[in-house]
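This report refers to the structure that appears directly beneath it.
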Amino acid sequence: MPTAPVPPDPERDDDPARVPGEPDATGPADPAGEVPGGWRQLPPSRQDWLTRDEWIAWVDSTEPDEWDDPGEDPDDDPARPHAPAPPRGAAKAGGGARAVKGGRRGPGQPGSAHRAADDSPGPAGAFAAGHLLDTAPGGAALFGFAENAAGPDDRFAGASDEELTGVICALDRSEASASALKHAAVAELIRRRPEPGREPVLDEPGGWEEFTGSELAWALADTRWAADAMLDLAAALAVKLPGTRAAFRSGVLRQSKVEIIAAAVANLDPEEARAAEALVLDRAGRLTPGGLRAAIKRAVMQVAPDKAVKRREKAEQDARVERWPELSGNAGLAGRELPPADVLAADQRITWWARELKKAGLDGDMDQLRARAYLDIMLGRDSRLLTQPQPPGTDDATADGGQDSPGPRTPDDPPDDGPRDGGPRDGGPRDGGIGTPPAPGVLPAGFAGRINLTIPLATLLGLADRPGELPGLGPVDPALTRDLARAAAQNPKTSYCVTVTDQQGHAIGHGCARPEPKNRARTAEQPEPRPPRGHDPPGRPGTSLRPEFTFTGSGDHGPPGGYGAWRLSTGIPGRPDLLIALDPIATDTCDHRFEARGHDPGVKLRHLTQIRHATCTGPTCRRPSAQSDFEHNIPYEAGGRTCMCNSGPKCRHEHRLKQHPRWKVEQITPATFRWTTPSGRQYLTEPTRYPI
């Protein structure tokens, strides 16, 4: 084991858990394996852990002798002859593996496995280094001792900092043990949900009934993706990874590390998976996640190099770009499963352009400038134009090849500052380089609203500050909501709809805007200059007119039983006003006013059901209703109406699930669905709750 400091490399397979005084593995040792300082040299790890018993036997062989004569057990029967007790941390016959192996305590925690000779006063004393609970395996008993040490106020009164650290480690082991038991229960569910034609025995991953993931997702109020991942992990632990399962159950490995190992061996058969596991499991608990990821990847390549290549090539077919909402209210965008060479080249190009932005005087550190450079390249714009004046008479939208454009480079150009991360110097695009520089341009003045930007009317009109919502990104803060609405309004192709909600945010009325007829049309006049409010919409500062929305009654009565007729004005000069008639949406009762005569719904019926349920009506599904099927709850062929009281959006997966004979779906009100799983549990789906 090296004695030099560990370099800051997140993928380095090393052991950062060593503490001062711990000897190198190559240090002198006596025949018993003892080295100076009381540490014990370990035997080499096994290469053929094929069974759980072999794993436990190997762990037994690594335990120090100090576990002999553990002292009086208060639960022992004094009338019964005292048999030699198993080492502390070891499972009883048929149980899990020990929490302590190789002189280590708990997941990644360094320290001696020697038992301390003195007493451990205080409620947390037994958690001190070397004491009984410091080396105990995770489980309900250990959790109970930690809860007792916490006291009624969870302040751990009387515990020293060192003892408190021991409590944290113990709770980490208990958490891992509970998670392992949960996955054991999931494995049993798999056995009880075999796929058609398979005996109810867990013999290989993927052998469960198709909709088992949905049943699990609904029970845990989680995504189907997360439930499928849980099923995969439970199957891998039960079939392929007995050593990892035992370490998980005893608390040596927490779930995040177990997932790393299971994901790495996903394409290996059980024998190969156990061989790869054997190469890392003796140190997996003390490796960081990055170090473990590197170690198990290397082990897989060593055990089955051909399968490692095939997995990488197959994963290239899953190349994609993902977006997600950040908790801050911003968003993320990333490419996945991309060719490594292209990723390295793209990363260099982003760094190069970030340095160009820095030279131009843009503010921000390199992380911020790289993010701006990334968007510049993706959108074909030049952020330097936001800080550098354009030559007189230059059109921002068509500027090309001026002083602000970096221009394509040639092999004769002098090199620029290249990457400083150890890669090749590449000062910008040239033959054999990274690519052409981003085309100069500016932020678009406005975009066409082709997604449902949901905005509370009071926010749009500047009367309140309530958040909006964007599908795929989630809640949007009020200021950004107004900015997006104003930017979208500048494009004449943007369409508008208005939804009326009740006090819970459920849609009860809806209407889509249409231009006012030409014989009645009136347009907004040029507004008088006034100080701007809020943020500027996307675009070059000071170059765009700011739309100011108004919403007033049109003077018409609107649809019978509806919510009136209204006039929406964007405030943009020359644009006609928009008229909106608000129809009712069936929630508790239905008057069948939008019922279609045949199987297929009309445009309005389909749209209103999609407004009532903005996502699939499955209990945990988030697929947008516009991407889902219009589904009859009672089949049309069986006499079901094509109406709001007998329909709702369902993604293709939930649509097929509903047709399974062991599943049942009832539309108990026009807007509420009750789903019943094969186990008999029931789940209600209510209408979408819009921001109010």
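Computed over heavy atoms, backbone and side chain alike; hydrogens, waters and symmetry mates excluded.
The backbone N or O of Ala226 sits less than 3.5 Å from a side-chain atom of Thr223, completing a donor-acceptor pair. Not one N or O on the side chain of Gln627 forms a donor-acceptor pair closer than 3.5 Å with the backbone of Pro624.
Taken to the nearest 0.5 Å, the CZ atom of Arg293 stands 4.0 Å off from the CD1 atom of Ile260. Atoms CG and OH, from Asp347 and Tyr374 in turn, are 11.5 Å apart once rounded to the nearest 0.5 Å. To the nearest 0.5 angstrom, Leu460 atom CG is 5.0 Å from Phe549 atom CZ. Interatomic distance, Lys182 NZ to Leu233 CG, rounded to the nearest 0.5 Å: 9.5 Å. One distance of note links OG of Ser214 with NE2 of His660; it measures 11.0 Å at 0.5 Å rounding. Note that the OG atom of Ser177 and the CZ atom of Phe248 stand 8.5 Å from one another [nearest 0.5 Å].
Salt-bridge check for Arg593 with Asp591: passed, with a basic side-chain N closer than 4.0 Å to an acidic carboxylate O. A salt bridge is defined here as a Lys NZ or Arg NE, NH1 or NH2 lying under 4.0 Å from an Asp or Glu carboxylate O, and Arg254 with Asp172 meets this definition. Salt bridge present: Arg193 and Glu215 bring a charged side-chain N and a carboxylate O closer than 4.0 Å. Under the 4.0 Å criterion applied to side-chain N and carboxylate O atoms, Arg606 and Asp629 are not assigned as salt-bridge partners. Ion pairing of Arg173 with Glu175 is absent here, as no side-chain N (NZ or NE/NH1/NH2) approaches a carboxylate O to less than 4.0 Å. Between Glu654 and Arg623, no side-chain nitrogen of the basic residue sits less than 4.0 Å from a carboxylate oxygen of the acidic one, so the salt-bridge criterion is not met. A salt bridge between Arg567 and Glu516 is present, with a side-chain N of the basic residue lying under 4.0 Å from a carboxylate O of the acidic one.
Judged purely by distance below 3.5 Å, without hydrogens or angles, the side chains of Ser179 and Gln255 pair a donor atom with an acceptor atom. Residues Thr669 and Asp588 bring no donor and acceptor atom of their side chains to less than 3.5 Å of each other. Glu326 and Trp324 are linked by a side-chain donor-acceptor pair at a separation below 3.5 angstrom, with hydrogens and angles left out of the test. His510 and Thr499 share a side-chain donor-acceptor pair at under 3.5 Å. Side-chain polar atoms of His506 and Thr587 form no donor-acceptor pair below 3.5 angstrom. Residues Asn646 and His632 have side chains that never bring a donor and an acceptor to within less than 3.5 angstrom of each other. Defined by atom type and a distance below 3.5 Å, a donor-acceptor pair is present between the side-chain atoms of Ser679 and Thr677.
A 4.5 Å side-chain heavy-atom check between Asn491 and Thr494 finds at least one atom pair inside the cut-off. Arg320 places a side-chain heavy atom less than 4.5 Å from the side chain of Glu322. Within the 4.5 Å cutoff, no side-chain heavy atoms of Arg641 are placed close to those of Cys590. No side-chain heavy atom of Arg191 sits less than 4.5 Å from a side-chain heavy atom of Trp208. Between Ser647 and Thr609 the shortest side-chain heavy-atom distance falls below 4.5 Å. In this structure, the side chains of Glu195 and Thr212 stay at 4.5 Å or more apart for every pair of heavy atoms. No side-chain heavy atom of Phe673 sits under 4.5 Å from any side-chain heavy atom of Ile668. In this structure the side chain of Arg372 reaches within 4.5 angstrom of the side chain of Leu362, judged on heavy atoms.
Crowding of Asp153 atom CG: a count of heavy atoms from other residues, nucleotides or ligands under 6.0 Å exceeding 12. By the 6.0 Å contact criterion, CE on Met378 is open, its count of non-hydrogen atoms from other residues, nucleotides or ligands being 12 or less.
In plain terms, the two heavy atoms of Ala262 and Ala236 that are nearest each other are CB-CB, 4.3 Å. The two residues Arg612 and Ala586 have their closest heavy-atom pair at NH1-O, 3.0 Å.
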Residues Arg482, Asp465; criterion salt bridge (Lys or Arg N to Asp or Glu O under 4.0 Å); working and verdict: CA-CA 10 Å; Arg482 281 189 286 265; Asp465 283 329; 2.7 Å; yes

Does the side-chain hydrogen bond (donor to acceptor under 3.5 Å, both in side chains) test come out yes or no for Gln682 and Thr676, once each step is laid out? CA-CA 4 Å; Gln682 294 185 331; Thr676 305; 3.3 Å; yes

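Screening Phe211, Tyr683, Trp218 against Trp675 for a ring pair (Phe, Tyr, Trp, His ring centres under 6.0 Å) leaves a single residue, Trp218.
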